[in-house]
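A quick note: this is a predicted structure, and the numbers were derived from the prediction, not measured. Residue numbers count from 1 along this sequence.
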Amino acid sequence: MENAEPSAAHRTLLEINNAIISNLTRDALFHAIAEALRPVIPFDRTALFLHDPARDVLTLSILESSLPTAYFSVGLEMRPGESHVGWVFKEQKALLRRNLEAERVYPADGWAHADGVRSYIIVPMVVRGRSVGTLAVASTTPDQYTEADAALLQEAAKQVALAIENMQAYEALTRAEEMVREIAEGTAAVTGRDFFFSLVRHLALALRVRYAFVSECLPDGNRVRTLAFWKGGAFAENFEYDVSATPCRIVLDGKSAVFPADVQRIFPDDRDLVDLDAQSYLGIPVLDSAGRVIGHLAVLDDKPFGEAGRAAPVLRAFAARAGAEMERLKAEDQLRAALAEVEALKNRLHAENVYLQEEIRGEHNFVEMVGSSPALLAALRQVEQVASTDSTVLILGETGTGKELIARAIHSRGTRRERPLVKVNCSAISAGLVESELFGHVKGAFTGALERRIGRFELADGGTIFLDEVGDLPLETQVKLLRVLQEREFEVVGSNRTLRVNVRVIGATNRNLEEAVAAGRFRADLFYRLNVVPLRAPALRDRRGDIPQLVMFFLARFAKEFGKPLEIVSQTSMDRLVAYDWPGNVRELQNIIERAAVLSAGRILDLGPDLLPVGVAAAADRRPGATPGTLEDLERRHIQEALELSRWVIEGPAGAARSLGLHPNTLRSRMAKLGITRPPHGRS
């Protein structure tokens with residue numbers, strides 16, 4: 001058609017402006033604009049495409065058409081660069097097709113031609129240099145439109161773009177206000193961390209900016225952590241950064257900050273924060289209910305702010321809501337932490353209670369150290385010296401010498417006596433469960449791990465852990481024990497969470513650990529860590545003067561336990577007991593007195609040959625000139641008698657190992673060394 005008269009064009013633009021002022025919904029606005037255009041730019045179809053930055057697509061949002069079509073309907077999406085609409089959007093230039101019979105370029109041109117379209121105009125909608133969509137008119141008549149029509153449609157598109165952007169901002173602001181109002185009233189579906197993502201998205205859309213983020217202050221005062229970051233139409237990764245060289249420093253001092261130009265220079269090192277030529281920054285402090293700065297809310301853009309004065313009140317309103325939500329979340333986190341601490345204490349107290357009940361049910365050899373021999377007194381003086389320190393102690397000594405009792409004495413005289421002494425018999429735990437026993441495990445860590453188990457190190461936190469028979473630990477567990485000794489931390493089995501503990505370690509062994517180190521069975525570095533203060537428990541043969549006291553101590557205990565009137569031991573029996581070398585030490589002596597107390601009657605305990613090991617009777621019955629035999633002979637006869645009395649059963653309550661006061665493996669080792677073998681029909 002011919003160029004529209006200037007007066008008609010002006011009237012059309014005036015009508016469009018009036019339509020923008022009087023219509024608040026998209027459909028009503030577009031219908032009014034179409035009616036204003038139709039007299040000067042006839043059309044059979046007019047369409048408005050809007051850009052979705054998050055998905056980078058152009059969506060057919062409003063359509064008025066009298067043409068039948070199979071594809072051209074509201075919701076149709078086109079990607080920039082793949083269609084005539086996308087070309088106009090990207091190039092920000094009008095596109096005029098006078099006759100589609102000869103000017104079809106894009107596939108969409110062919111689809112339009114199939115609908116009956118023969119000519120069209122598409123113009124970009126641009127606001128402050130940024131494309132927001134396109135406006136198009138189409139006709140079934142060839143050569144319907146001229147360059148003048150395209151210019152008039154472009155002027156109309158400028159007004160439509162402003163109206164559409166204002167509507168989008170109004171809609172986003174309305175949604176944001178509804179969202180924060182619902183949060184304030186406690187009816188919002190979006191709370192917690194999701195609140196901040198929704199907040200910055202609505203804020204960016206409402207103010208039409210490229211960036212919006214909310215951050216919380218970190219304890220050091222110069223660093224913040226973003227809680228949500230809107231960047232170029234989508235959410236970006238949260239991160240921490242130093243505010244000292246940025247405008248955010250001013251905001252965290254409690255002041256609003258506005259930088260209208262060249263913000264890139266003010267953010268010299270924060271490429272994660274600003275990776276475009278941002279030229280506008282507006283930040284507002286986020287306060288808690290006491291007025292303390294706990295974070296900040298900021299928006300940035302790659303164009304100078306034209307409405308900073310209007311943006312500041314919006315930011316302040318949003319910052320107030322952000323502060324309330326931050327404070328609420330902090331209170332929730334503190335409550336969860338307190339509940340977790342209470343639960344941990346509850347579990348620990350339960351574990352301690354279970355452990356103490358096991359200790360009470362367990363059998364302790366002594367309730368106190370008995371004796372006054374020089375060897376025992378020397379050991380007790382060492383106990384007094386080391387007890388007041390937190391040094392690691394390694395107690396050395398033969399089986400049955402009372403190493404656990406020495407450990408208890410060290411603990412009870414030290415500064416940790418108010419906390420538990422937790423005992424672990426390293427030789428009594430199967431290799432596959434040692435780490436679980438020492439360090440605990442989480443539910444599902446392995447087959448059979450049906451619940452969280454607190455390990456002995458965690459249970460002993462603040463107190464002392466006694467690792468009996470530490471020389472029997474597997475090599476792989478020795479590595480983890482070394483870490484606990486060096487760094488005071490470990491990982492629960494099945495978890496990557498590191499726990500720190502403050503535990504005093506006392507180890508004990510009847511092995512020669514130096515030989516084990518040389519043979520590669522024990523780590524040298526762990527040995528040196530354990531052997532800080534070595535303390536030797538004296539063998540009973542080195543403290544024979546204590547044997548009468550120990551005998552009477554055990555006699556009183558078992559007389560009371562069995563309800564017998566036993567009061568004294570015959571001199572013959574006492575001489576025999578003192579003369580014996582006691583390879584099983586105090587534990588063996590205890591077992592002999594218990595056996596005699598069970599089988600004796602009356603006030604006097606008389607241990608006849610039938611109640612004594614062969615070695616005890618032989619040691620007391622030696623006469624001058626008699627050949628007593630070697631120590632190995634005596635030990636061999638003693639072990640053989642015990643095996644015969646137990647019918648060659650080694651382990652268990654009635655086994656020979658128990659009566660001798662030896663560990664089953666120790667007994668087997670001595671049997672092999674002494675050449676003791678079972679008879680053909682013996683049992684073990």
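The shortest heavy-atom contact between R118 and T140 is CG-O, 3.3 Å. Of all heavy-atom pairs between T46 and A136, the closest is OG1-O, 2.9 Å. Contact between V442 and G494 at its shortest, heavy atoms only, is CG2-O, 3.4 Å. Closest approach of D109 to L100, counting heavy atoms only: O-CD1, 4.0 Å. Contact between I284 and A319 at its shortest, heavy atoms only, is CG2-CB, 3.9 Å.
For the pair R201 and F235, the cation-pi test (distance below 6.0 Å, angle within 45°) is failed. For the pair R98 and Y145, the NZ or CZ position fails the cation-pi test of under 6.0 Å to the six-membered ring centre and within 45 degrees of the ring normal.
We find the CH2-OH distance between W230 and Y211 to be 13.0 Å, quoted to the nearest 0.5 Å. Residue T59 holds its OG1 atom at 8.5 Å from CG of L76, rounded to the nearest 0.5 Å. One finds the CD1 atom of I294 at 5.5 Å from the CE atom of M326 (value rounded to the nearest 0.5 Å). If you take CG on D461 and CZ on R488, they are separated by 10.5 Å, rounding to the nearest 0.5 Å. Rounded to the nearest 0.5 Å, atoms CZ (F213) and CG (L227) are 11.0 Å apart. Once rounded to the nearest 0.5 Å, the distance linking CD1 of I62 with CG of L50 reads 6.5 Å.
Side-chain contact, T226 with N238: a donor N or O sits under 3.5 Å from an acceptor N or O. Side-chain atoms of S131 and Q92 form a donor-acceptor pair, as typed in the model, at a separation below 3.5 Å. Of the N and O atoms on the side chains of E101 and H113, at least one donor lies less than 3.5 Å from an acceptor on the other residue.
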Side chain to side chain contact (heavy atoms under 4.5 Å, CB included) evaluation trace for Q154 with V123 | CA-CA 6 Å; Q154 183 66 76; V123 294; 3.6 Å; yes
Please test E64 against R45 for salt bridge (charged side-chain N to carboxylate O under 4.0 Å, His left out), starting from the C-alpha separation and ending with a verdict.
-> CA-CA 6 Å; E64 286 199 9; R45 183 159 74 189; over 6 Å; no
Would you sort out whether E155 and K158 count as a salt bridge (charged side-chain N to carboxylate O under 4.0 Å, His left out), showing the intermediate values?
-> CA-CA 5 Å; E155 289 299 319; K158 291 179 182 178; 3.4 Å; yes
Tell me, with the steps shown, if V117 and L67 meet side chain to side chain contact (heavy atoms under 4.5 Å, CB included).
-> CA-CA 9 Å; V117 174; L67 300 178; 3.7 Å; yes
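R97 places none of its side-chain heavy atoms less than 4.5 Å from the side chain of R104. By the 4.5 Å heavy-atom criterion applied to side chains, V484 and E489 are not counted as neighbours. In this structure the side chain of F196 reaches within 4.5 angstrom of the side chain of L329, judged on heavy atoms.
Below 30°, between 30° and 60°, or above 60°: for F229 and F239 the angle between ring planes is above 60°, a perpendicular geometry.
Considering F490, F439, F457 in turn, F490 is the only one that fulfils the side-chain contact (heavy atoms from CB on, under 4.5 Å) rule with L499.
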